[in-house]
Each structure stands twice: as C-alpha cells, then as structure tokens.
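Below is one structure, written out as structure tokens; comments come after it.
Chain letters run A, B, ... following the sequence lines, proteins first and then strands; every chain starts at 1. Below, each value reflects all heavy atoms present in this structure, side chains not excepted, and no hydrogens, waters or symmetry copies.
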2 protein chains.
Amino acid sequence: MNETKPIETDPGPEDGGSTGDGKLPLLEKLRGRTEGEIRRRILQAIFEQRLPAGESITEEQLAATFDVSRTVIRQAVARLAQDGILVKSPNKGTAVASPSRKEARDILFVRRLVEPEIVRLLASAPHRFGLTELRKHLAEENEARLAGQRGTLVRLTGEFHLLLAELSGNQVLLRLMTQLQTLTCLAVLLYAEHDEACPRDEHLRIVDAIAAGDGGTAAQEMLNHLTHVEKDLKLDRMTPESSFGDAMGWLRGVPDN
Amino acid sequence: MNETKPIETDPGPEDGGSTGDGKLPLLEKLRGRTEGEIRRRILQAIFEQRLPAGESITEEQLAATFDVSRTVIRQAVARLAQDGILVKSPNKGTAVASPSRKEARDILFVRRLVEPEIVRLLASAPHRFGLTELRKHLAEENEARLAGQRGTLVRLTGEFHLLLAELSGNQVLLRLMTQLQTLTCLAVLLYAEHDEACPRDEHLRIVDAIAAGDGGTAAQEMLNHLTHVEKDLKLDRMTPESSFGDAMGWLRGVPDN
DNA sequence: AGCAATTTGATTGTGCACAATGTAGAGCAC
DNA sequence: GTGCTCTACATTGTGCACAATCAAATTGCT
C-alpha cells in the first residue's frame with residue numbers, strides 16, 4: 001500500500017503554455033511543483049487511464065507520486081473535487097469520479113443548451129482571426145487522425161470545443177465549457193462504445209457554417225454533433241452504478257431519460 | 001492596517017441548515033470554524049457590502065476576523081476565487097471581485113441561454129411536489145416584501161432561481177446556476193439602478209406558466225424576467241473600470257455589446 | 001455462534017513556522 | 001531635480017507535525 005504506484009506522467013510534454021506565468025521564477029517551478037501543474041498532471045493521469053474512474057486514492061499517495069508535500073496535493077484535489085473530477089468522502093479517501101449515466105446525460109443536456117448558441121454567436125460576427133485559428137486547429141486534428149495518434153486526437157477534439165468558447169470572448173462561457181468538457185471526457189472513458197472521439201468531419205462542417213455566417217446551420221450542426229456524441233455513449237442502459245441521488249430523483253418523480 | 005476591521009457577520013442567523021452535516025461532531029464546528037461556514041460568512045459579508053466590491057483583503061485579516069488559522073481561510077479564499085467571487089493576484093493580495101460591465105453582460109447572457117430551458121423542462125413534467133415548493137417560496141418572498149425586509153427579500157429572490165435549477169433534477173445545472181447567481185448578485189450590487197431586486201410578480205407568472213404546463217410561455221416569461229434584470233443594471237455606459245481582458249477582447253475585434 | 005462495544009489503524013483536518021516573492025520607499029549617483 | 005538601485009516590509013506559498021475523525025477488525029459477552 002505504501003509503494004508509490006507508477007502514476008507519474010511522462011515528463012516529456014511539459015510545455016508550460018497554459019500556466020500563464022510570464023516569468024520563470026525558479027528552477028523548482030518548472031519541474032511541475034506548483035499547484036496548477038500538479039492539477040494538470042493529475043488530470044492527464046486520469047485521461048490516460050492511469051487513474052481509472054472510480055479508483056480510490058489518498059492524498060499521501062499523490063504526494064509521494066508527485067514528490068510534493070500534501071499541502072499542494074490538497075489544494076489540487078480540492079479544486080478538482082469542486083469541478084466534479086474527484087469526489088471526496090470526508091474521512092474515507094478521495095476517488096476519481098465515475099459519473100453515472102444520468103450525470104452523463106445531464107452534462108450533455110447542458111452542452112446541448114449552450115454550445116449551439118456559442119457557434120451561432122460566432123457565426124453572427126465572423127471575426128477573421130478566429131476563423132484562421134479554427135482552421136489551424138482542424139488541420140492539427142486531421143494530422144493527428146492520419147498519424148493515428150489517438151491520445152493527441154482525443155485531446156485536440158476536446159480542445160476544439162474549448163476554442164469555440166474562447167473565441168466567443170465570453171469568459172463565463174469558457175469557464176463553463178472547460179468544466180463540462182472535462183466531465184464529458186470522463187463519461188466518454190466510461191461509456192463510449194467506439195474508440196473514436198468526435199469521429200467524422202462534423203467539426204469541419206461547424207466551422208464551415210460559421211465561416212459562411214450561417215448561424216442557424218452552425219447551431220444545428222453543433223446540435224447534431226453533440227447528439228452523435230451522446231448516442232455513441234451507451235447511456236440508455238439501466239444504470240447499475242446509479243448513485244443514490246439518482247434514485248432519489250426517480251422517487252421524486254423526475255423523469256430519468 | 002493590523003487592526004481587525006469589523007467584517008464579522010452577526011452570529012445570529014447561523015442556521016446550519018445548508019451544511020448538510022447530519023451529525024454535529026463537536027462544539028467547535030457549530031461556531032462556524034469549518035471551511036464551508038467560513039466561506040458562507042465571507043459571502044454574506046460581501047452581499048451585505050461589509051466587504052465592498054474591489055476591496056483588497058489579506059488572508060491574515062480574514063484569519064484574524066474569523067478567529068481561525070490562515071489554513072482554513074486559504075481554502076475558503078481559493079474556492080471563492082475559483083468561483084470568481086474573489087480575485088487573487090499572485091503575491092500581492094486578494095480582492096473582492098468587481099465584475100466589469102462586460103462580465104456582467106456575459107453572466108446574464110449565459111443565464112438567458114440556460115434558465116428559460118430550465119423552466120421549459122419543469123413545465124413539461126409538472127411534478128406536483130415541485131409546485132408546492134415553488135408556491136411556498138413565492139409566499140415567503142411576498143411575506144418578506146410586505147414586511148420590508150430587504151435583505152431577506154434579496155436572498156429569497158436569488159434562491160428562487162436556484163430552486164428552479166434544483167427542481168430540474170440536473171445537478172450540473174444546479175451547480176452552474178449557483179455560480180451564476182452569486183456573480184449576478186455582485187453585479188447587481190455594483191450596477192443596479194433601483195434598489196428593488198426581482199421586483200414585480202414575474203416570479204409568480206413563471207410559476208403559473210409551469211403549473212399550466214405551458215413550457216413556451218414559461219420560457220418566454222423567464223426570458224423577459226432576465227431581460228428586465230439586465231435592463232435594470234446600467235450596463236450600457238462606457239465602462240471605466242473595464243478590465244484589461246475586455247480591452248484585449250476589443251482589440252481582437254470581438255463585439256463588445 | 002452471534003452480536004456488540006472497543007480498540008486500532010488509516011486518512012483527513014488544522015495550526016504554525018519558514019521560504020519565496022513582489023512592492024514600495026528611502027537613499028544615492030548623475 | 002530626476003532616475004536608478006537597494007533595502008525593508010508585507011503577503012503569499014510550502015512543508016511539517018499534531019489533532020480529530022471515521023471504518024474496520026478484534027475481542028469479550030451472552
């Protein structure tokens with residue numbers, strides 16, 4: 001139990017592009033000892049299924065694995081727990097969240113509400129720079145798809161939706177989508193039928209509609225896309241691991257489908 | 001600078017109903033020394049404008065005020081900062097967020113996307129118990145309005161929207177609305193023209209539409225309501241305190257209105 | 001044998017001390 | 001007088017040790 005499990009993410013792709021620290025303060029920070037970096041690495045470990053959903057972990061394990069004090073781990077875990085990535089049982093331990101089928105449906109429901117309107121907004125104001133960024137992203141996706149780099153492809157297809165939110169210029173939307181996208185990844189890992197993520201050229205059709213300034217089509221394409229994503233998840237089965245909350249919801253008469 | 005400012009919220013209305021702790025573990029916890037309680041009290045201090053928007057505070061100040069260690073304050077501050085209530089500058093201090101007019105518009109934009117669909121959903125499945133809860137809440141609102149208890153009224157009118165989200169049975173929606181509602185409160189404190197919050201009987205009309213099972217009307221009423229709320233905020237003026245991010249967005253050509 | 005109370009182990013929660021860092025002000029050179 | 005540097009302070013970041021709490025195993029009783 002005390003042996004440090006090989007959760008360590010390969011320190012190679014540590015491009016600190018998202019940290020936002022303009023200055024590099026010391027050597028230590030760059031080695032990923034800061035809270036944000038630890039959080040990123042935990043997330044990466046989850047997405048690469050080194051930390052499978054439902055896995056129970058302790059703060060001390062993580063502290064040993066990342067070779068930092070429990071204090072830093074604590075902050076990272078608290079934040080991930082607030083985002084719903086981890087679930088904390090008071091004195092029993094922390095576990096990687098394993099969203100129930102209903103939770104997965106709830107997440108997709110909100111995304112269907114929000115994302116079509118994002119692309120509608122983008123289509124209504126075709127700022128040129130945004131299009132170039134989107135085209136560049138699509139090219140990267142294609143490249144990864146052709147090269148068969150599945151991990152990279154999954155990451156990029158997820159980031160596509162985040163890029164849309166970012167281009168909307170609405171920080172609130174971006175924060176919301178960041179949370180939802182991460183949770184969606186978890187659900188995909190649990191319930192996806194096909195291995196492919198965001199498989200077809202649906203991203204391309206969305207971007208084309210935006211470029212054409214056709215908000216209605218863009219919104220419809222996004223809706224189709226999200227519907228396909230949800231269809232690919234096997235969420236219609238009876239949920240054996242349904243949380244107690246779901247049962248309560250059912251008892252109260254809330255429709256479950 | 002070291003003198004502890006009278007941020008202390010009156011310990012009277014400490015009804016620990018929202019903590020969810022079924023068991024009362026020790027005496028200490030009940031006096032509000034736990035992280036969630038501290039967070040609640042900080043929020044309350046902000047909403048009662050004992051901590052005005054933009055006010056700069058330090059962890060040590062808060063620690064002294066609430067008579068707890070900086071460790072607990074740190075967690076509470078971190079979480080509030082993640083929700084956008086507080087803004088943390090790396091080594092300069094923490095401040096109460098003062099959302100720019102654009103941020104306020106962004107918040108309301110997302111609410112206009114989401115909340116009409118919430119009430120549409122509720123109208124499509126008129127679960128009886130939810131209606132009774134809604135009616136009860138409306139009664140409480142009226143009571144507070146007639147009694148002239150402005151603080152209570154503001155709290156209740158905010159909780160109305162949270163109640164709707166809760167009744168939808170979608171935990172993701174509830175979490176989202178909780179964040180948005182808090183931020184809206186901040187914006188109202190900054191930019192509201194009239195003192196009244198959610199003034200007219202618009203809540204009643206929404207509930208009536210839900211009760212009638214008329215999702216379209218319910219959604220429209222909610223949209224009207226949110227539009228009125230935004231109209232009451234003076235968000236059309238040129239924003240003198242616009243954050244740097246807004247300026248960057250403008251430079252990039254994102255439409256600002 | 002079955003059940004319950006208690007002890008034990010594991011895990012999180014909290015406080016405190018020190019390190020790192022950024023800011024402002026005084027002092028000095030030009 | 002102006003600009004620069006350097007020092008002192010204020011604030012946050014981090015590590016560590018102890019306290020509180022909970023789950024389970026063990027042991028004693030019926």
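Residue-level contact check: B:T71 touches the bases, meaning some heavy atom is under 4.0 Å from a base atom. Across all strands shown, B:T94 has heavy atoms under 4.0 Å from sugar-phosphate atoms exclusively, and none from any base.
Residue pairs meeting the salt bridge (Lys or Arg N to Asp or Glu O under 4.0 Å) criterion with at least one partner in residues 80-94 of chain B, sequence neighbours excluded, are absent. Sorted by first and then second residue, the salt bridge (Lys or Arg N to Asp or Glu O under 4.0 Å) pairs involving residues 71-82 of chain B (not counting sequence neighbours) are B:E59-B:R74.
Rounded to whole Å, the distance from CG on B:L86 to P on D:dT12 is 11 Å. Per the geometry, CZ belonging to B:R39 stands 15 Å off C1' belonging to C:dG13, to the nearest Å. The separation between A:R74 atom CZ and C:dG13 atom P is 4 Å, rounded to whole Å. For the pair B:D67 CG and C:dT14 C1', the interatomic distance rounds to 13 Å; values are reported in whole Å. Protein atom CD1 of A:I57 is 14 Å distant from nucleotide atom C1' of C:dT12, rounded to whole Å. The interatomic distance linking B:Q75 (CD) with D:dT14 (P) rounds to 14 Å, in whole Å. Computed from coordinates, the A:I73 CD1 to D:dT14 P distance equals 11 Å when rounded to whole Å. For the pair A:E35 CD and D:dT12 P, the computed distance is 16 Å after rounding to whole Å.
For the helix from C:dA1-D:dT30 to C:dC30-D:dG1, the rotation axes defined at the first and last 5 base pairs enclose an angle of 0°, given to the nearest 10°.
Donor-acceptor pairing under 3.5 Å, judged by distance alone, is present between the side chain of A:R70 and the base of C:dG13.
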Under 3.5 Å, which donor-acceptor pairs link side chains of residues 171-178 of chain B to any protein atom two or more places apart or in another chain?
residue : atom : partner : partner atom : Å
B:T178  : OG1  : B:L174  : O            : 2.7

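Shown here are the side chain to side chain contact (heavy atoms under 4.5 Å, CB included) partners of A:A97, two or more places apart in sequence or in another chain: A:V87, A:L186. Taking the side chain to side chain contact (heavy atoms under 4.5 Å, CB included) definition, one finds that A:R155 meets it with A:T152, A:E159, sequence neighbours left out.
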From CA spacing to verdict: salt bridge (Lys or Arg N to Asp or Glu O under 4.0 Å), B:K136, B:E133: CA-CA 5 Å; B:K136 189 157 70 84; B:E133 279 191 61; over 6 Å; no
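Proximity of A:V72 to A:F66: side-chain heavy atoms (C-beta onward) are nowhere separated by under 4.5 Å.
Heavy-atom distances to DNA chain D give each of A:V72 and B:E60 a nearest nucleotide, and the one nearer the 5′ end belongs to B:E60.
For A:T58, the side-chain atoms get nearest to C:dT11 when compared with the rest of D:dG13, C:dT23, C:dT11. The side chain of A:K92 sits closest to D:dA23 out of C:dC16, D:dT12, D:dA23.
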